[in-house]
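Heads up: the structure comes next, in structure tokens.
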2 protein chains.
Amino acid sequence: MAAAWEEAREHGLATLTLRQLAARIGMSAPSLYTHFAAKHAIYDAMFADAWREVERLQVAMVLPAEPRAALRTVARTFFDFSTADLPRHQLMDSRIIPDFTPTPEAYAPAVRVMTNLHKLFATIFGTARNEDVDLFSALVGGLIDAQWANDPGGQRYGRLLDRAIDMFADDMGLPPAPASGPAPQPDEPTPGSDQE
Amino acid sequence: MAAAWEEAREHGLATLTLRQLAARIGMSAPSLYTHFAAKHAIYDAMFADAWREVERLQVAMVLPAEPRAALRTVARTFFDFSTADLPRHQLMDSRIIPDFTPTPEAYAPAVRVMTNLHKLFATIFGTARNEDVDLFSALVGGLIDAQWANDPGGQRYGRLLDRAIDMFADDMGLPPAPASGPAPQPDEPTPGSDQE
DNA sequence: GTCTATAGTTTGATAGAC
DNA sequence: GTCTATCAAACTATAGAC
């Protein structure tokens, strides 16, 4: 599996060949069929691998109590993960491999990640409407894709992530972020917290 | 060219073959080389075609005077165009064809479209900062990609477009949309316009 | 489990007649 | 400009020996 990811990063995901993959681990191409029924089974395992890693990150995430900060943490976690590895992002979030559809078993971790995202929303907002989660996902996904398309490896869109999330938080009716320092009492207006 | 688009819509963009394309127009595959130097030259012509069509749409766009409505029109125009044709969207906005990079001539219309978008921003906002245009593009692009990925042919993300644009307009400091009917005087607060 | 050998298919592209 | 014939290369996958 590690060799498959390396191969994809070097030569592209769609152009990954069994010969090159086998050569990388000192095997012959036909020997791969002992471990995978077909080439698509390799993509399938990679797909599941990637989403399980997101799931692990998601579970390990420590969310700040302040709602906006929590939302920023969620968004940044996904953004950083998805902009770190192009073939992984392509396999998880696009249809770059013709005729490849993940099996239900491989798809299961992806479903769990989305379920967990709904739970995170319920924690942060007290409710988790589908359309809110959809908008949030599309927002973060749009920045990820733009980053890969127009400035791979750079910061051009990553810099806009917090602003985008704040925009969304405003739309969701979250209270403005408290000034730095200990969180103020909700009933007590923070001195000097007028808009900058 | 029309046959190439049809072929891409039916069998996929990346799996388009010269034989099938030629068969569609009653030609032999080698005869295509009279008109295109290589397969990539066909993709190149398609790429230019698609962006020229966006440019035409963009130039023909009639923008409402009210800034939020204008922004919504711009966004909706791009969204509808990009969700209408999958291979066209893939060719324009992703890197689905390995080793294909548009030639500078084919890329020129895309550059003009982005230049025009900056001008539109200048018209609507009085200014056109790169980061604002970037955020707007990523926002619309994110909804387009989510629409294709999770609900092709549906309305799930298209329904969220106006909300997303309003979110962005708020962030940009545009005044709230006037109630239906004639636009109110800027100095006169609209009755009943407190937050909902 | 791993190998060599190879089947079987598809592809982009070229040669050369007409 | 268009055709037929074909090249040269690549690929996934299978057969069968060890």
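Lettering follows sequence order; numbering is per chain, from 1.
Here the P atom of nucleotide C/dT14 and the CG atom of B/Leu18 are 11 Å apart, to the nearest Å. As a whole-Å value, the separation of A/Lys39 NZ from D/dT14 P is 15 Å. Taking atom OH of A/Tyr43 as the reference point, atom C1' of D/dC11 lies 12 Å away to the nearest angstrom. When the C1' atom of C/dT11 is taken as reference, atom CD1 of B/Ile97 falls 14 Å away, rounded to whole Å. A/Gln20 has its CD atom 10 Å from the P atom of D/dA10, to the nearest Å.
A/Tyr157 and A/Asn150 share a side-chain donor-acceptor pair at under 3.5 Å. With hydrogens and angles left out, the side-chain atoms of B/Ser31 and B/Ser28 include a donor and acceptor closer than 3.5 Å.
Listed in residue order, the members of residues 21-36 of chain B having a heavy atom less than 4.0 Å from DNA chain D are B/Gly26, B/Met27, B/Ser28, B/Pro30, B/Ser31, B/Thr34, B/His35.
Classified by interplanar angle (parallel below 30°, tilted 30° to 60°, perpendicular above 60°), the ring pair A/Phe47/A/Tyr107 is parallel. Classification of the A/Phe168-A/Phe125 ring pair by plane angle, with boundaries at 30° and 60°, yields perpendicular.
No single ILVMFWY cluster, assembled from side-chain heavy atoms under 4.5 Å apart, contains both B/Leu71 and B/Val59.
The pair B/Arg163-A/Asp132 counts as a salt bridge, with a side-chain nitrogen and a carboxylate oxygen less than 4.0 angstrom apart.
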